[in-house]
There are 2 protein chains.
Amino acid sequence: MNDFATLSSVTHSSSTLSAELTNTLRDAIITGEIAQGTKLSETKMAKEFDVSRGPLREALRRLEGMNLIMHIPQQGARVVTLSRELILQLYDTREALESKAVALAAVKMTSQEIDELHREIDAQSKQMRENSGAFVPAESDYRFHEMVVRGSKNKVIERALIHEIYNLIKMFRYQNEFANTSSTNSLVEHRQIVYAIEQRDPILAEVTMKRHIVHARERIERRMSSN
Amino acid sequence: MNDFATLSSVTHSSSTLSAELTNTLRDAIITGEIAQGTKLSETKMAKEFDVSRGPLREALRRLEGMNLIMHIPQQGARVVTLSRELILQLYDTREALESKAVALAAVKMTSQEIDELHREIDAQSKQMRENSGAFVPAESDYRFHEMVVRGSKNKVIERALIHEIYNLIKMFRYQNEFANTSSTNSLVEHRQIVYAIEQRDPILAEVTMKRHIVHARERIERRMSSN
DNA sequence: AAATGCATAAATGTTGACATTTCATTGAAA
DNA sequence: TTTCAATGAAATGTCAACATTTATGCATTT
């Protein structure tokens, strides 16, 4: 099974207790340490983490905003359940947002930022050769996509993806071995995306990214049973 | 100036105090009753609404998730400021999400739901003739777009748009007369969108919606000074 | 006059207790 | 045996007080 340290989110001890709780719970949900569908009892969790229910409830409200938990008034919160349907909807949403993001990035990214993209996919290439891996390391894949999204300079898209979509996709991939990014095409596609950005060709960048995500979606759709 | 009752969000007295506060504050922010950039003092607001700070803070966390307020630890929350940049980014995001939504809707909407679309644009047409208006009534415009988005049957897109994008766009349009939807093209474009859905043509639906939103964005870009 | 530092006030963060609703259990009735 | 109602326990919602940090204002110094 995967290692907790693999997770990007670096739980950097935040200034407030409620922010720390948010990070802790987010990671626990993504890794499956707290299983899907689990009822999040405030009283139990308050005891477990040795905090009062106030900050805990605020953390739950934030996790709600990240789509990681569902809350029903007077009944409490449950960890979201990743149905096949939800996963495919996530990828459709990601396709729309990220293809737009890369089109913007092709215009807005600085050459320095493009250099960083190069370094990231070179690292991917190196890691795969050394580890004779058939998969792009998840962490590096996230970094690549987040760099592109940030490159769009569109804060609304950035927040939607990083705050409300990627966490759920990380959760899905972390808890499903088969969902990891295949190397065969992914690295090639990453190179194509960087090329399009480098050419300052937003349309090429857009269709390339769209195809990249559609491919991922198709792989998942094939390998995923009903659920 | 506009009337508060014009606002769609029907503050239906929710089960919990914190949910009611969320709705009340959301509407107050959208209408500008609480101005952009205003510091939201917890102590003052608790007195004003005669509630304790607990539920109030939870409401603030939720408004944060709706992108209506910005929160800085140890410093408090401020109402978001709608810069020209943010507005244009909102429309870019909307373009990506809503064009994908309508493509899905063209496949997934039931004929009954399509009928409802027809009724809505017929009502728009009628209202404009009767009121000799040069603008599609904002409420009706929102209803139309929300029906399309719901028709996509994609909960992720639906939540992103309705929960985190539309509120900000409503806020912008409510507080800027010039930002209202012009009738000249909008109604025609709405009819084109419905036609494409009716034809079950996702590609046509997508490009039609994209153009519709790009037009709106262009109108705003022209009429908006620097800011 | 401007800048620095201290003391006070006020705001946010956190806690524990109270209120109300929901859930589980038990017992009675059909 | 099954269903329903009542009772008690536990959970969520709310409140008021305490703790800690930030902001304000005044005095002092350069």
Side-chain angles (χ1 to χ4, degrees), chain A residues 9 11-29 33-81 163, chain B residues 9 11-29 33-81 163:
Chain A
S9 30
T11 315
H12 41 10
S13 59
S14 310
S15 51
T16 70
L17 187 52
S18 119
E20 274 186 63
L21 278 170
T22 307
N23 289 337
T24 303
L25 290 174
R26 178 201 56 196
D27 292 349
I29 290 171
E33 190 184 328
I34 303 179
Q36 297 178 29
T38 303
K39 169 90 187 291
L40 295 166
S41 163
E42 293 176 9
T43 44
K44 287 179 185 170
M45 299 180 82
K47 282 178 195 162
E48 189 179 333
F49 292 102
D50 194 38
V51 296
S52 66
R53 282 173 51 227
L56 180 60
R57 283 171 66 92
E58 291 193 39
L60 292 178
R61 292 301 90 78
R62 276 195 265 248
L63 293 169
E64 210 182 331
M66 298 185 203
N67 295 329
L68 288 176
I69 70 176
M70 287 268 304
H71 180 260
I72 301 175
Q74 314 286 17
Q75 292 196 24
R78 301 190 99 83
V79 176
V80 69
T81 297
H163 198 255
Chain B
S9 32
T11 316
H12 42 11
S13 62
S14 309
S15 51
T16 69
L17 186 53
S18 119
E20 275 187 64
L21 277 171
T22 307
N23 290 337
T24 303
L25 289 174
R26 177 201 56 196
D27 292 349
I29 290 171
E33 190 182 328
I34 303 178
Q36 297 178 31
T38 303
K39 168 91 186 291
L40 295 166
S41 163
E42 293 176 10
T43 43
K44 286 179 186 170
M45 297 180 82
K47 282 178 195 161
E48 187 180 333
F49 291 103
D50 195 38
V51 295
S52 67
R53 281 172 53 227
L56 180 60
R57 282 171 68 90
E58 291 193 38
L60 292 178
R61 293 299 91 76
R62 275 196 265 250
L63 294 169
E64 210 181 331
M66 300 184 203
N67 295 329
L68 288 176
I69 69 176
M70 288 268 304
H71 179 260
I72 301 175
Q74 315 285 17
Q75 291 197 25
R78 301 191 96 87
V79 176
V80 69
T81 298
H163 197 255

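If you're wondering where the values come from, they're calculated on a predicted model, not measured in any experiment. Protein chains get the first letters and strands the later ones, always in sequence-line order, with residue 1 at the start of each.
When rounded to the nearest whole Å, the span between CZ of A:Arg78 and C1' of D:dA11 equals 13 Å.
Fit an axis to the five pairs at each end of the helix from C:dA1-D:dT30 to C:dA30-D:dT1 and the two axes sit 20° apart, to the nearest 10 degrees.
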Whether each nucleotide of nucleotides 7-15 of chain C has a protein heavy atom under 4.0 Å at its base (B), only at its sugar-phosphate (S) or at neither (-) is summarised, 5' to 3', as ----SBBBB
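For B:Ser41, the side-chain hydrogen bond (donor to acceptor under 3.5 Å, both in side chains) criterion is met by B:Thr43, not counting sequence neighbours. Looking at residues two or more places apart in sequence or on another chain, you find a side-chain contact (heavy atoms from CB on, under 4.5 Å) between B:Ser52 and B:Pro55. For A:Val51, the side-chain contact (heavy atoms from CB on, under 4.5 Å) partners at least two apart in sequence or on another chain are A:Leu17, A:Leu21, A:Phe49.
The side chain to side chain donor-acceptor pair (under 3.5 Å) pairs that include a residue from residues 66-80 of chain A are A:Arg61-A:His71, A:Asn67-B:Arg159, where partners are two or more places apart or lie in different chains.
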Worked verdict on B:Arg62 versus B:Ser18 for side chain to side chain donor-acceptor pair (under 3.5 Å) | CA-CA 9 Å; B:Arg62 275 196 265 250; B:Ser18 119; 2.2 Å; yes
Could you walk me through whether B:Arg26 and B:Asn23 pass the side chain to side chain contact (heavy atoms under 4.5 Å, CB included) test, one step at a time?
-> CA-CA 5 Å; B:Arg26 177 201 56 196; B:Asn23 290 337; 3.6 Å; yes
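Counting non-hydrogen atoms of other residues, nucleotides and ligands closer than 6.0 Å to CE of A:Met70 gives a total of 12 or fewer. Heavy-atom contacts from other residues, nucleotides or ligands closer than 6.0 Å to NZ of A:Lys44 number 12 or fewer.
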